[in-house]
Amino acid sequence: MVAMAPHPPSVERLRAVDGFLTETWAEQVRHDERLRGTGVEVRFDRGVAHVTGEAADPAELRRVRELVGRLAGVYGVWCRVRTAGRDPVVVDLGCGGQKQWPGNLGLDIFPAAGVDAVADLSGSLPLADDSVDVLFAVHILEHLLDFLPLVDECHRVLRPGGVLHVMSPWWRHVNAVADPTHVRFLDVQTIKGICVQRPPGTPRWYPLHAGCDGASIFADLTPLAPQDPPPDPAHLSRFFD
């Protein structure tokens with residue numbers, strides 16, 4: 001279970017936790033038959049697992065994601081993995097001059113060094129249906145008075161099995177109010193609302209992971225099709241009250 005920290009951990013503690021996670025994952029890879037021969041690599045940075053490399057098929061990538069996400073101290077599982085011989089299509093929303101990985105497609109309302117296309121993220125995304133494998137919304141939702149249209153657009157453009165990675169300031173941390181362009185406050189429970197409290201007929205999400213380190217909230221969401229069952233209550237209890 002991911003515990004919500006009342007205060008952000010120190011830099012020293014984060015480094016120690018990353019070291020622990022690195023050793024734990026290496027040991028699991030050595031002893032877990034399900035990970036035998038995997039070409040997927042995992043690096044931990046301040047509690048976020050950065051997953052790269054190559055997976056034989058989507059099932060292998062899902063397996064690695066799930067196992068990494070079960071480790072205590074992991075706040076998010078961010079992926080850029082070549083799967084079944086195909087490079088992923090990865091898009092950074094509101095990237096400014098810094099992308100999460102080189103080679104990502106960067107979208108922002110303002111032109112900058114890392115922006116490949118200028119787009120108003122409060123409107124429709126200039127991307128085709130089912131065309132993207134991974135979307136990053138890092139420090140963007142808090143800037144939108146109504147971010148649900150963007151979340152719905154993310155659902156539209158993601159391929160089945162695709163993932164939306166969210167990171168935003170936690171509402172109780174000073175970073176949430178220090179920036180005067182922040183117009184929304186978010187909590188892990190906000191992610192629960194996105195996944196299970198929307199009106200019937202709106203796009204639905206399955207939370208792969210969600211957590212808070214005392215300064216930021218993290219969420220990894222994958223789109224549900226209309227015929228898919230809702231998230232199991234036991235799974236939701238891992239992340240939400």
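Checked for salt-bridge contact, Arg62 and Glu66 miss the test: no charged N lies under 4.0 Å from a carboxylate O. Under 4.0 Å is where a charged nitrogen must lie from a carboxylate oxygen, and between Arg65 and Asp220 at least one such pair does. A salt bridge does not link Glu12 to Arg15: none of the charged side-chain nitrogens sits closer than 4.0 Å to a carboxylate oxygen. Salt bridge absent: Asp152 and Arg204 never bring a charged side-chain N and a carboxylate O closer than 4.0 Å. Of the charged side-chain nitrogens involved, none lies within less than 4.0 Å of a carboxylate oxygen, so that Arg80 and Asp87 do not count as a salt-bridged pair. Between Arg159 and Asp130 there is no salt bridge, since none of the side-chain N atoms of the basic residue sits less than 4.0 Å from a carboxylate O of the acidic one.
Contact of the Asp92 side chain with the Leu135 side chain is not registered, since no non-hydrogen atoms from C-beta on lie closer than 4.5 Å. Looking at heavy atoms from C-beta onward, Val134 lies out of side-chain contact with Leu158 at the 4.5 angstrom threshold. Side-chain contact between Phe20 and Leu71 is absent, with no heavy atoms from C-beta onward closer than 4.5 Å. Looking at heavy atoms from C-beta onward, Asp129 lies out of side-chain contact with Val157 at the 4.5 angstrom threshold. Residues Leu105 and Val89 are not in side-chain contact: their nearest non-hydrogen atoms beyond the backbone lie 4.5 Å or more apart. With contacts defined as side-chain heavy-atom distances shorter than 4.5 Å, the pair Phe240/Ile191 qualifies. Counting heavy atoms from C-beta on, the side chains of Asn104 and Val91 never come closer than 4.5 Å. Using a 4.5 Å heavy-atom threshold, the side chains of Leu14 and Val11 count as separate.
Between the Thr24 side chain and the Leu21 main chain, no donor and acceptor come within less than 3.5 Å of each other. The closest donor-acceptor contact from the side chain of His165 to the backbone of Gly76 lies at 3.5 Å or more, if one exists at all. Here the side chain of Asp32 pairs no donor or acceptor atom with the backbone of Val29 at under 3.5 angstrom. Between the side chain of Gln189 and the main chain of Asp241, a donor-acceptor pair closer than 3.5 Å is present. In this structure, the side chain of His182 does not engage the main chain of Arg184 through any donor-acceptor pair within 3.5 Å.
With sequence neighbours excluded, the residues forming a side chain to side chain contact (heavy atoms under 4.5 Å, CB included) with Val138 are Trp78, Gln100, Phe136, Met167, listed by chain and number. Taking Leu148 as the reference, Asp146, Ile194, Arg198 meet the side chain to side chain contact (heavy atoms under 4.5 Å, CB included) condition, with sequence neighbours excluded.
Note: His155 NE2 to Thr222 OG1 = 8.5 Å, rounded to the nearest 0.5 Å. Taking CZ of Phe147 as the reference point, atom OG1 of Thr190 lies at 6.0 Å (rounded to 0.5 Å). Going from atom CZ of Arg36 over to atom OG1 of Thr38 covers 12.0 Å, rounded to the nearest 0.5 Å. Put simply, CZ on Phe218 and NE2 on His209 are 9.5 Å apart, with the number rounded to the nearest 0.5 Å. We find the CG-CD distance between Leu93 and Glu153 to be 10.5 Å, quoted to the nearest 0.5 Å.
Contact detail for Asn175 and Pro169: the closest heavy-atom pair is C-CB, 4.1 Å. Shown here for Cys212 and Val188, the closest heavy-atom pair between the two residues is CB-CG2, 3.7 Å. Heavy-atom minimum distance, Ile217 versus Asp187: CD1-O, 3.6 Å. Looking at every heavy atom in both residues, Ala119 comes nearest to Pro126 through CB-CD, 3.8 Å. Val183 approaches Leu144 most closely through the heavy-atom pair CG2-C, 3.5 Å. Heavy-atom minimum distance, Gly69 versus Arg238: O-NH2, 3.6 Å.
Residues Leu221 and Leu224 do not share a hydrophobic cluster, clusters being chains of Ile/Leu/Val/Met/Phe/Trp/Tyr side chains in contact below 4.5 Å. Leu208 and Tyr75 are not part of a single hydrophobic cluster, where members link through side-chain heavy atoms under 4.5 Å apart. Cluster annotation: Leu186 and Val196 are assigned to the same hydrophobic cluster (Ile/Leu/Val/Met/Phe/Trp/Tyr, side-chain heavy-atom contacts under 4.5 Å, transitive). Both Val177 and Ile140 belong to a single network of hydrophobic side chains, linked directly or stepwise wherever heavy atoms of I, L, V, M, F, W or Y lie under 4.5 Å apart. At a threshold of 4.5 Å between side-chain heavy atoms, the hydrophobic network of Ile, Leu, Val, Met, Phe, Trp and Tyr places Val166 and Phe185 in one connected group.
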- Task: Might you work through the side chain to side chain contact (heavy atoms under 4.5 Å, CB included) test for Arg34 and Leu67, ending with a clear yes or no?
- Result: CA-CA 10 Å; Arg34 295 171 295 180; Leu67 294 174; 3.6 Å; yes
- Starting from the C-alpha separation in whole Å, work towards a yes-or-no answer on side chain to side chain contact (heavy atoms under 4.5 Å, CB included) for Trp170 and Asp213. CA-CA 9 Å; Trp170 185 38; Asp213 66 359; over 6 Å; no
- Item | Pair Arg86-Arg82, side chain to side chain contact (heavy atoms under 4.5 Å, CB included): steps then yes or no | CA-CA 5 Å; Arg86 183 179 66 82; Arg82 180 177 173 86; 5.7 Å; no
- Test salt bridge (charged side-chain N to carboxylate O under 4.0 Å, His left out) applied to Asp116 and Lys99, step by step: CA-CA 11 Å; Asp116 298 294; Lys99 298 176 182 178; 2.7 Å; yes
- Could you check Leu236 against Lys192 for side chain to side chain contact (heavy atoms under 4.5 Å, CB included), going step by step and ending with a plain yes or no? CA-CA 8 Å; Leu236 294 175; Lys192 179 182 179 182; 5.7 Å; no
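Test Val132, Leu121, Leu164, Val163 against Cys154 for side-chain contact (heavy atoms from CB on, under 4.5 Å) and you get one pass: Leu164.
The number of heavy atoms from other shown groups lying within 6.0 Å of CH2 (Trp171) does not exceed 12.
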Pairs of donor and acceptor atoms involving the side chains of residues 42-59, under 3.5 Å and at least two apart or interchain, shall be tabulated with distances.
{"unit_1": "Asp57", "atom_1": "OD1", "unit_2": "Ala59", "atom_2": "N", "d": "3.1"}
{"unit_1": "Asp57", "atom_1": "OD1", "unit_2": "Glu60", "atom_2": "N", "d": "2.8"}

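Here the two rings, on His235 and Phe239, have centers that are under 6.0 Å apart.
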